Q: 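What follows is a structure written as C-alpha cells; I'll ask about it next.
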Number of protein chains: 2
Amino acid sequence: MNHESSLVNLLTDRLIAGELRPGARLSEAALAKEFDVSRNTLREAFRVLGEQGLVNHIPHRGVSVASPNTSDVIDIYRVRRHIECSVLENAPKNHPGAEQMRRAVETAHSAAAADDWLRVGTVNMAFHNALVSLSDSTRLMRSFGNVLAELRLAFLKVEVLDFLHAPFVERNQEVLDTYLDESPSAAAAKLGAYLGDSERQVLGAYARAGQD
Amino acid sequence: MNHESSLVNLLTDRLIAGELRPGARLSEAALAKEFDVSRNTLREAFRVLGEQGLVNHIPHRGVSVASPNTSDVIDIYRVRRHIECSVLENAPKNHPGAEQMRRAVETAHSAAAADDWLRVGTVNMAFHNALVSLSDSTRLMRSFGNVLAELRLAFLKVEVLDFLHAPFVERNQEVLDTYLDESPSAAAAKLGAYLGDSERQVLGAYARAGQD
DNA sequence: AGTCTATTCTTGTTGAACAATCCATGCTAG
DNA sequence: CTAGCATGGATTGTTCAACAAGAATAGACT
C-alpha cells in the first residue's frame, strides 16, 4: 500500500470531520507518532495539504489547521461565484452530473428530516461538487474541491455548520429545478443570489462569534 | 534561508524555462545531487509541484515533468474560459490590475518587435495573470496560475511557443482596450473568441506534431 | 518469439542525528 | 515596574544511511 497518499486522505478526513480543529497546531512529532509514520513521510503529506489550502505552513513555526478569517471567507465566496455561476451558466442540458445533483438533494432532504445536520453539510458539499462537474473539467473540479474543503473549515471554526445549512437544502432543489426545467442562465442567477445569502450567513456567524 | 520553498521556485523556473522537458523523468538521486539537497527535501518539493500539476507522480515509478496531452489542453482551455471570462465580465472599472495588463501589452509589443518570442510567451502569461487579478481573489489567482504554468508546458512540448503567441499580442491589446473603453461584457466576449482561437492553434500544433 | 525468473535499479519509508530558528523563562538595567 | 536581553528548551529544517517494496531489465528456458 502506498502510505503517503493514504496518509493525505487520512488527514483530510480528520480535518473535514473537525477532529483537528481550525487553528490547531499540528506537531510533527506528535502526529508522526499517532499515525505511526516517520516525520519525513508526514512532512510530505503536509506539503500536499498546504498546497490544497487545508493547512497553513509557516517556516520554522510548523503547520496548523487552516483557520479562515473573514477575508478568507469573502475570497472563497468570490471563487464560488466565479466558478459555480460560470459553470452553471454554460452547462449543457441533460448532463449526467445533474443526476448526482438530484441524488444529493434527495439525500439532503432525508438527512434534514432526521436532524442529521452534519450529514446535510457533507451532502451539500457533494451537491456543489456535482454542480461543478457539469463543466467536465477535472482541473476545475480539483481546484473547486479544495476551496470547498477550506470553506468547510470555516464552518467548523464558528461551530454552527448545522443550522447554517438548513435553509439551503430547499434552495439547492430550486437551483436544480430551474436548471432542468427552465434555463441554465436562470439557474445561474438563482445560484448567484443563493451564494450571496450564504456568504452573508457565514459572515454573520463570524461576527457573532467575534472572529476576525 | 529556507531551502525547501526556494527549491520549489528553482524547479518551477527550470520547468517553465523548458530546461526540464515535458515527459522527462526526474530521478531523485540525480536531481538531489544536482541541487545539492537531500532526497527527502527534494521529495517534499516534488509533492508541492505535483499538487500544482507541474509534475506527475506515479507511485514507485517516480516523478516526471507533466506532459499535457490533447485532452489536457482541452481541459486547460475549459478552465481558462470559465475563469478568465467570468472575471473579466464582472470586473469593475478602473481596477489597478488594468495597469499591469497595460504594461504587459506594452512589453509584449517591444519583445515581439525584437523577435524575442520566448519573452513574448512569458509576458503573455503575465497579462492573463493580471487579468485574473481583476477578481481580487488570491485563491483564484493561485489556481489559475497553476493552470497557466501547465499550459506553458504544453507549448514547450510542441516546441512552437514562439510564433504561436505572435497573433495574440495584438488581441491582448484589443481585449484590454475593449475593457477600458467599452464594457466588461464586450471585452469578455472578445476574450472568449480569443481563447477559442488560441485553443485551436495549440491543438493544431499538437496534431501536426503527432502528439496524442 | 514468448514467457518466466533472477538480478538490479529506483522509489518508499524509517530512525537518528545535527543545525537553525523560535519561544518562554528569568534576569538585568534603567 | 517595565523594557529589553540573555539563556535554555523545544520544534522545525535538513541530511544521511539503511532497508523494504515495487518496477524494470536481462537472461534462461521452452
Side-chain angles (χ1 to χ4, degrees), chain A residues 1-15 19-69 142 150 153 212, chain B residues 1-15 19-69 142 150 153 212:
Chain A
M1 177 179 72
N2 190 0
H3 247 183
E4 185 258 320
S5 87
S6 60
L7 180 58
V8 170
N9 291 336
L10 209 62
L11 284 166
T12 304
D13 289 346
R14 300 231 177 174
L15 285 170
E19 290 176 44
L20 302 170
R21 301 291 300 279
R25 199 138 158 283
L26 300 179
S27 155
E28 294 186 353
L31 273 190
K33 190 175 176 186
E34 178 173 349
F35 292 121
D36 197 39
V37 295
S38 76
R39 271 182 65 212
N40 285 321
T41 301
L42 180 64
R43 283 171 62 89
E44 288 186 29
F46 276 174
R47 294 304 167 273
V48 173
L49 295 173
E51 209 56 27
Q52 292 176 347
L54 283 176
V55 303
N56 214 307
H57 176 217
I58 303 176
H60 288 287
R61 261 182 238 187
V63 171
S64 49
V65 182
S67 180
N69 59 23
R142 215 167 44 113
E150 205 181 341
L153 295 184
D212 55 328
Chain B
M1 175 177 73
N2 191 0
H3 248 183
E4 186 258 321
S5 88
S6 61
L7 180 58
V8 170
N9 291 336
L10 209 62
L11 284 165
T12 304
D13 288 346
R14 301 231 177 174
L15 286 169
E19 290 175 43
L20 302 170
R21 301 292 300 279
R25 197 136 160 283
L26 300 180
S27 154
E28 293 186 355
L31 273 189
K33 191 174 175 186
E34 176 173 349
F35 291 122
D36 198 40
V37 295
S38 75
R39 270 182 66 211
N40 296 59
T41 301
L42 181 64
R43 282 169 63 89
E44 288 186 29
F46 276 173
R47 294 304 168 274
V48 172
L49 295 172
E51 210 56 26
Q52 293 176 346
L54 283 176
V55 303
N56 214 308
H57 176 217
I58 303 176
H60 287 286
R61 261 183 238 186
V63 171
S64 50
V65 182
S67 180
N69 59 23
R142 216 167 44 114
E150 204 180 342
L153 294 184
D212 58 326

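In this text the structure is predicted, and so the values were computed from the model without any measurement. Reminder, nothing fancy here: chain letters follow the sequence lines and each chain counts from 1.
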Q: Taking DNA chain D as the partner, which of residues 26-41 of chain A come within under 4.0 angstrom of it by heavy atom?
A: A/Leu26, A/Ser27, A/Glu28, A/Arg39, A/Asn40
Q: Tell me the closest heavy-atom pair linking A/Gly23 and A/Ser67, and the distance in Å.
A: N-CB, 3.6 Å
Q: Can you name the side-chain hydrogen bond (donor to acceptor under 3.5 Å, both in side chains) partners of A/Arg43, sequence neighbours left out?
A: A/Glu28, B/Glu44
Q: Taking only residues two or more places apart in sequence or in another chain, which ones pass side-chain hydrogen bond (donor to acceptor under 3.5 Å, both in side chains) with B/Glu51?
A: A/Gln52
Q: Which residues pass the side-chain hydrogen bond (donor to acceptor under 3.5 Å, both in side chains) test with A/Ser64, sequence neighbours left out?
A: none
Q: Around atom CG of B/Asp36, are there more than 12 heavy atoms from other residues, nucleotides or ligands closer than 6.0 Å?
A: no
Q: From CD1 of B/Ile58 over to P of D/dA23, roughly how many Å is that when rounded to an integer?
A: 11 Å
Q: Run the side-chain hydrogen bond (donor to acceptor under 3.5 Å, both in side chains) test against A/Arg61 and tell me which residues pass, sequence neighbours left out.
A: none
Q: Grab the N/O contacts between the protein and nucleotides 7-9 of chain C below 3.5 Å, and write none if there aren't any.
A:
none

Q: Quick one: list whatever passes side-chain contact (heavy atoms from CB on, under 4.5 Å) with B/Arg14, sequence neighbours left out.
A: B/Glu19, B/Leu20, B/Glu34, B/Phe35
Q: Taking DNA chain C as the partner, which of residues 42-50 of chain B come within under 4.0 angstrom of it by heavy atom?
A: B/Arg43, B/Arg47
Q: Without decimals, in angstroms, what is the distance between A/His60 NE2 and D/dT12 P?
A: 11 Å
Q: Restricting to nitrogen or oxygen on both sides, can you table the protein-nucleotides 5-7 of chain D pairs closer than 3.5 Å?
A:
none

Q: Decide side chain to side chain contact (heavy atoms under 4.5 Å, CB included) for B/Leu31 and B/Leu11; before the verdict, give the C-alpha distance in whole Å, the side-chain angles of both, and the deciding distance to 0.1 Å.
A: CA-CA 10 Å; B/Leu31 273 189; B/Leu11 284 165; 4.3 Å; yes
Q: Please report the shortest heavy-atom distance between B/Glu150 and B/Pro68, naming the atom on each side.
A: O-CG, 3.7 Å
Q: Who pairs with B/Asn69 by side-chain contact (heavy atoms from CB on, under 4.5 Å), at least two apart in sequence or on another chain?
A: B/Ser71, B/Asp72, B/Asp212
Q: Kindly write out the residues that satisfy side-chain contact (heavy atoms from CB on, under 4.5 Å) with B/Ala32, not counting sequence neighbours, or none if the list is empty.
A: B/Arg39, B/Leu42
Q: D/dG13 P sits how many Å from A/Arg61 CZ, rounded?
A: 12 Å
Q: Are any of A/His57's side-chain N or O atoms less than 4.0 Å away from OP1 or OP2 of D/dG13?
A: yes
Q: Does a side-chain N or O of B/Arg25 approach OP1 or OP2 of D/dA23 to a distance below 4.0 Å, or not?
A: no
Q: Between atom CG of A/Leu10 and atom CG of A/Leu15, what is the distance when rounded to the nearest 0.5 Å?
A: 10.0 Å
Q: Supply the atom-to-atom distance A/Thr12 OG1 to A/Leu7 CG, rounded to the nearest 0.5 angstrom.
A: 9.0 Å
